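The structure appears below as structure tokens.
None of these values were measured; they are calculated from a predicted model.
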Amino acid sequence: MKAIYPDNGNGDREAHPEAVPGLRPETEGAADVTPLTLEVDGEMFALRRNEFGGTDYTWLSGPNPGYGFGMSPTPDLSLDEHRENIRNFLAMVDPTTGYIEDD
């Protein structure tokens, strides 16, 4: 953040002169990051950083191709913390449909 909004010395931040409101700066190499595959309780998930500083979790072994969830922000989570996120997701999934059902 400091490189984009450097401190002017009194604690205030000044926008970069080329900043455009509503646009987030590109994260170098984010699209090139290979997803991590993680097995949790017999289910396989692909984890990939997203453009919002979070993680996209794709349920690879689930009944619905491409289904999963996202969380943000998730800076520097441990594998155990990712596993806990996945377990929380799986606990909400209806075993009949393979989707999180609306209440």
Side-chain angles (χ1 to χ4, degrees):
M1 230 14 205
K2 198 160 184 81
I4 299 168
Y5 300 105
D7 192 331
N8 66 6
N10 65 4
D12 289 335
R13 304 278 186 199
E14 293 180 17
H16 189 279
E18 296 176 21
V20 177
L23 294 180
R24 184 178 173 279
E26 291 295 321
T27 305
E28 289 183 35
D32 299 331
V33 176
T34 303
L36 166 71
T37 303
L38 191 60
E39 181 179 355
V40 177
D41 301 334
E43 300 292 341
M44 296 298 295
F45 283 81
L47 285 63
R48 183 184 305 267
R49 277 188 276 169
N50 66 29
E51 66 271 17
F52 305 109
T55 302
D56 291 328
Y57 299 81
T58 304
W59 190 7
L60 300 175
S61 59
N64 304 305
Y67 191 63
F69 66 104
M71 295 193 75
S72 186
T74 56
D76 304 320
L77 289 185
S78 69
L79 288 178
D80 286 338
E81 290 170 309
H82 284 295
R83 285 185 187 101
E84 185 64 24
N85 290 340
I86 291 169
R87 285 187 180 106
N88 290 336
F89 165 79
L90 290 171
M92 295 186 291
V93 171
D94 182 323
T96 305
T97 65
Y99 290 107
I100 295 175
E101 298 295 327
D102 292 332
D103 291 332

**OP:** Locate the shortest heavy-atom distance separating P63 from G98; write the atom from each residue and the value.
**Re:** CG-CA, 3.7 Å

Subject >> Which residues share a side chain to side chain contact (heavy atoms under 4.5 Å, CB included) with D76, sequence neighbours left out >> reply: none

Subject >> Partners meeting side chain to side chain contact (heavy atoms under 4.5 Å, CB included) with R83 (sequence neighbours left out) >> reply: L38, V40, L79, D80, R87

Subject >> Over all atoms of both residues, closest heavy-atom pair of P73 and P75 >> reply: C-CD, 3.4 Å

**OP:** Determine, using the 4.5 Å side-chain heavy-atom cutoff (strictly less than), whether M44 and Y57 are members of one ILVMFWY cluster.
**Re:** no

Original post:
Which residue pairs satisfy the side chain to side chain donor-acceptor pair (under 3.5 Å) criterion with at least one member in residues 64-73, sequence neighbours excluded?
Top reply: N64-Y99

Original post:
Is M71 linked to L90 within one hydrophobic cluster, defined over Ile, Leu, Val, Met, Phe, Trp and Tyr using a side-chain heavy-atom separation of less than 4.5 Å?
Top reply: yes

**OP:** State yes or no: are the ring centers of F69 and F89 separated by less than 6.0 Å?
**Re:** yes

Original post:
Do F45 and H82 have ring centres separated by under 6.0 Å?
Top reply: no

**OP:** Just jot down the side chain to side chain contact (heavy atoms under 4.5 Å, CB included) partners of D94, sequence neighbours excluded, or say none.
**Re:** T96, T97, E101

Subject >> Partner residues of T58 under the side chain to side chain donor-acceptor pair (under 3.5 Å) criterion, sequence neighbours left out >> reply: none

Original post:
To the nearest 0.5 Å, what is the distance between CE (M92) and CD1 (I100)?
Top reply: 4.0 Å

**OP:** Only counting residues at least two apart or in another chain, list the ones meeting side chain to side chain contact (heavy atoms under 4.5 Å, CB included) with E81.
**Re:** L77, S78

Original post:
Within the distance-only criterion (no hydrogens, no angle test), does the side chain of T55 pair as donor or acceptor with the backbone N or O of L47 below 3.5 angstrom?
Top reply: no

